[in-house]
Undergrad: 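Before we start, here is the structure in question, set down as structure tokens.
Below, chains carry the letters A, B, ... as their sequence lines are ordered, and counting in each starts from 1.
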Amino acid sequence: MKELTKKAYELRKDVIEMIYRSKAGHIGGDLSVMDILTVLYFKVMNVSPENFKEDTRDRFILSKGHCADALYIVLGEKGFFDKQEAIETFSAYQSKFIGHPNTEVNGVEINSGSLGHGLSLGVGMSLAAKMDQKKYRTYVVLGDGEMAEGSNYEAMMAASQYGLDNLCATVDLNGLQISGTTKEVMSTDSLADKFASFGWHVIEVEDGNDCKQLVKAYEEAKICKGKPSVVLAHTIKGKGVSYMENQKGWHHGVMTKEQYEQAVKEIEEVLS
Amino acid sequence: MNQITNRQAINDTLVKAAKEDKDIVVVCSDSRGSASLGPFANEFPKQFVEMGIAEQNLVTVSAGLAAAGKKVFAASPACFLSTRSYEQAKVDVAYSETNVTLIGISGGVSYGALGMTHYSCQDIAAMAALPGMRVYLPSDRFQTEKLMEALLQDNKPAYVRVSRSATEDVYDENIKFELNKASLVCEGDDVAIITCGELVPYAKEAAKLLKEEGIHATVLDMYCIKPLDQEAVLSVSKKVKCILTVEEHSPFGGLGSMVSQLISAKHPMKVVNLALPDGHIIGGSNKEIFSYYGLDAKGIADSAKRTLTNQ
Ligand SMILES: Cc1ncc(C[n+]2csc(CCOP(=O)(O)OP(=O)(O)O)c2C)c(N)n1
Ligand SMILES: [Mg+2]
């Protein structure tokens, strides 16, 4: 088993524990985005606890901020803080590990949680990099339900107007949101055409839970010049836990003890 | 312990009314579950519009529907509905006086550990500042039902905020309700506690705690923040030594500000405002947050005593 894939599954186990303990969090979207976060933080981006104060670091924005749970686990694994503390105090009284990324947590670039802000923030950061002639890149991860927010299209326009080739968006295309499929709630079909018509370089990743395919996509984004890139990652919501996969009920479901044990067992089977 | 939430009371009232009135339309933004409006959506699919995660569109589409003759109820988390869509509420609902009732669900700190993005502690200030917008924070399920029935009868803009969890009953089936008239929960001549929404049961409990110490409190349920029931505030103010306002909101521009404004102009006396802080609010369940900031029964009782003794 490849190293990144292994890591993504180990981190899935952590996030499952965190959510089981806290009875909070957004497990479905955590599991769909875990491979994306793992590839970005452990392969693609130049960001670490060592360089986090330096302005050369790559910038990361979790626009689908409800998946803070997954981000905290990845940042903990990266060494930004004690991962166990995050697992034990997530969503607890007075904990800084609240349900959306906030900058009290070391490693979080900027606050999020209200959908439809991340891409505009990313445009701002990418513009600043251009102004200052800095080489850092900005990565934004969005949900497909989130793509209904009109602000995203304003940001898409601005990013291409200013030729922000230092900006790379990823859409976690898991096909689900809270009330059902994105198709029935507000279709985000043909996102590829939408981004392309706004002047973006579009990279489709057939299996957005496949680390190898993701790495290849981000390499392609890095060498694309003159326009922003978007990685459209076709993922499975709840990926790795059979009874959660593609089920709308697991957007923010709470596991019973039996369900928790089953989930851990399934992840361990993949790891062994 | 009552289990029926105010949002469920809203759903039930709308379901009942929609059986007769085909002009009632409910609009949601991937929020039907959190609004408890799933049953409405299932029973009246032709009177339900899903906008996806697009709150600005939600509000202005609602205004368009209303301008074309529909009676619209737009339900979305209070945090996004009130400030994300503020321009839309200002121009297309309040200014154009469209028949839209904005239903802000999971108001205040209902979302507990989801943090600042999900708290709506500016909504009263924001909405009350819009000319033509009425602002209501009903306390329990009985009052919520009466309020919704009243709003179904008129065609003017309104903003209604309800909490996520069920609140203890303040009233019962025989509740007396008049639109825009505050409700006296209990009477006492030492201190008046003026509050609204899900804090009313806490204030009622605080009055009991105070009574044990020989302090007599009036509790006024000001579910109608705008138009503020001035008569009720002034009449209460004349019977007590001081006033404590209590609200699940920022300290600025909410119930406290409005009561203080009225009292300073018409009947100057001591008014203390108890609210959430002007800063980052801690995470935790809403009950934990209330007790941390002294908005639970004991905290309210303590503040009332301090107000009385000039501490
Ligand atoms: C502006 C805004 N509106 C509504 C919400 C509430 N909300 C949180 S997650 C979610 C669904 C998100 O679906 P999607 O973007 O597809 O995320 P994923 O499937 O990856 O979890 C909604 C409506 C929010 N956080 N922000
Ligand atoms: Mg999705």
Side-chain angles (χ1 to χ4, degrees), chain A residues 22-26 62-66 68-69 89-105 108 110-118 142-154 176-188 248-249 251-253, chain B residues 27-38 41-42 45 48-61 75-85 87-88 106 109-120 279-293:
Chain A
S22 64
K23 301 203 174 354
H26 292 81
L62 187 63
S63 194
K64 47 169 254 177
H66 55 284
D69 346 340
T89 68
F90 175 69
S91 284
Y93 181 45
Q94 294 200 48
S95 168
K96 66 182 170 192
F97 295 102
I98 58 170
H100 293 97
N102 72 104
T103 51
E104 271 176 56
V105 174
V108 171
I110 194 153
N111 298 331
S112 58
S114 177
L115 296 168
H117 289 230
L142 303 112
D144 49 1
E146 182 185 3
M147 288 308 296
E149 289 285 4
S151 51
N152 287 317
Y153 300 86
E154 300 179 20
L176 284 171
Q177 50 194 110
I178 299 180
S179 312
T181 62
T182 48
K183 234 187 177 52
E184 56 195 17
V185 174
M186 187 52 64
S187 173
T188 42
K248 77 165 180 179
H251 177 75
H252 44 22
Chain B
V27 193
C28 280
S29 55
D30 200 11
S31 50
R32 73 184 80 169
S34 12
S36 299
L37 283 163
N42 291 338
F48 180 85
V49 185
E50 174 60 74
M51 295 312 304
I53 309 172
E55 295 79 6
Q56 293 168 300
N57 206 31
L58 166 92
V59 172
T60 292
V61 167
S76 186
C79 51
F80 309 125
L81 186 65
S82 60
T83 51
R84 178 65 158 268
S85 318
E87 162 89 0
Q88 283 75 11
S106 301
V109 295
S110 288
Y111 278 124
L114 293 187
M116 290 301 281
T117 54
H118 281 58
Y119 297 156
S120 62
H280 287 191
I281 294 164
I282 60 152
S285 71
N286 61 346
K287 286 202 169 67
E288 288 168 335
I289 299 174
F290 291 155
S291 64
Y292 184 87
Y293 293 110

Undergrad: Could you check whether any side-chain heavy atom of A:Met186 comes within less than 4.5 Å of a side-chain heavy atom of B:Ile53, counting everything from C-beta outward?
TA: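 A:Met186 does not reach B:Ile53 side chain to side chain.
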Undergrad: Looking at residues at least two apart in the chain, or sitting in another chain, which of them share a ring pair (Phe, Tyr, Trp, His ring centres under 6.0 Å) with A:His251?
TA: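 So A:His251 forms a ring pair (Phe, Tyr, Trp, His ring centres under 6.0 Å) with A:His26, A:His66.
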Undergrad: Do the non-hydrogen side-chain atoms of A:Ser179 and A:Val185 ever get within less than 4.5 Å of each other?
TA: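 Contact flag for A:Ser179/A:Val185 side chains = yes.
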Undergrad: With sequence neighbours excluded, what pairs up with B:Phe290 under the ring pair (Phe, Tyr, Trp, His ring centres under 6.0 Å) test?
TA: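 Counting only residues at least two positions away or on another chain, B:Phe290 forms a ring pair (Phe, Tyr, Trp, His ring centres under 6.0 Å) with B:Tyr202.
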Undergrad: Taking B:Gly284, B:Gly115, B:Ala54, B:Cys79 one by one, which has the highest count of heavy-atom pairs under 4.5 Å against chain A?
TA: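 Most heavy-atom pairs under 4.5 Å with chain A: B:Ala54.
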Undergrad: Can you find a pair of side-chain heavy atoms, one from B:Ile281 and one from B:Met116, that are under 4.5 Å apart?
TA: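 Yes, close enough: below the 4.5 Å cut-off.
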Undergrad: Could you look at B:Asn57 and say if it's the side chain, the backbone, both or neither that has a heavy atom under 4.5 Å from chain A?
TA: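 For B:Asn57, there is no contact with chain A at all, as no heavy atom is under 4.5 Å.
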Undergrad: Would you mind checking which part of A:Ala92 comes under 4.5 Å of any heavy atom in chain B, side chain (CB onward), backbone (N, CA, C, O), both or neither?
TA: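 Answer is backbone: N, CA, C or O of A:Ala92 sit under 4.5 Å from chain B.
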Undergrad: Which region of B:Tyr111, side chain (C-beta onward) or backbone (N, CA, C, O), has a non-hydrogen atom less than 4.5 Å from a non-hydrogen atom of chain A, or is it both or neither?
TA: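 Neither part.
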Undergrad: Pick from A:Ile98, A:Ile178, A:Thr182: which one has the most heavy-atom pairs with chain B under 4.5 Å?
TA: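 Ranked by contacts with chain B, first place is A:Ile178.
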Undergrad: What option among A:Ser95, A:Ser91, A:Ser114 has the most heavy-atom pairs under 4.5 Å with chain B?
TA: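 Of the candidates given, the most pairs with chain B belong to A:Ser114.
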Undergrad: Please examine the side chains of B:Val109 and B:Tyr293, heavy atoms only from C-beta on, and report whether any two atoms are closer than 4.5 Å.
TA: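 No, too far: nothing below the 4.5 Å cut-off.
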Undergrad: Answer yes or no: is there a side-chain heavy-atom contact under 4.5 Å between A:Gln177 and A:Met147?
TA: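 With C-beta onward as the side chain, the pair stays apart.
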Undergrad: Answer with side chain, backbone, both or neither: which region of B:Ser31 has an atom nearer than 4.5 Å to a non-hydrogen atom of chain A?
TA: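 For B:Ser31, the backbone is the part near chain A, not the side chain.
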Undergrad: If I measure from the heavy atoms of chain B, does A:Glu146 come under 4.5 Å with its side chain, its backbone, both, or neither?
TA: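 Answer is backbone: N, CA, C or O of A:Glu146 sit under 4.5 Å from chain B.
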Undergrad: Where on A:Ser112 is there a heavy atom nearer than 4.5 Å to chain B: the side chain, the backbone, both, or neither?
TA: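 Only the backbone of A:Ser112 comes within 4.5 Å of chain B.
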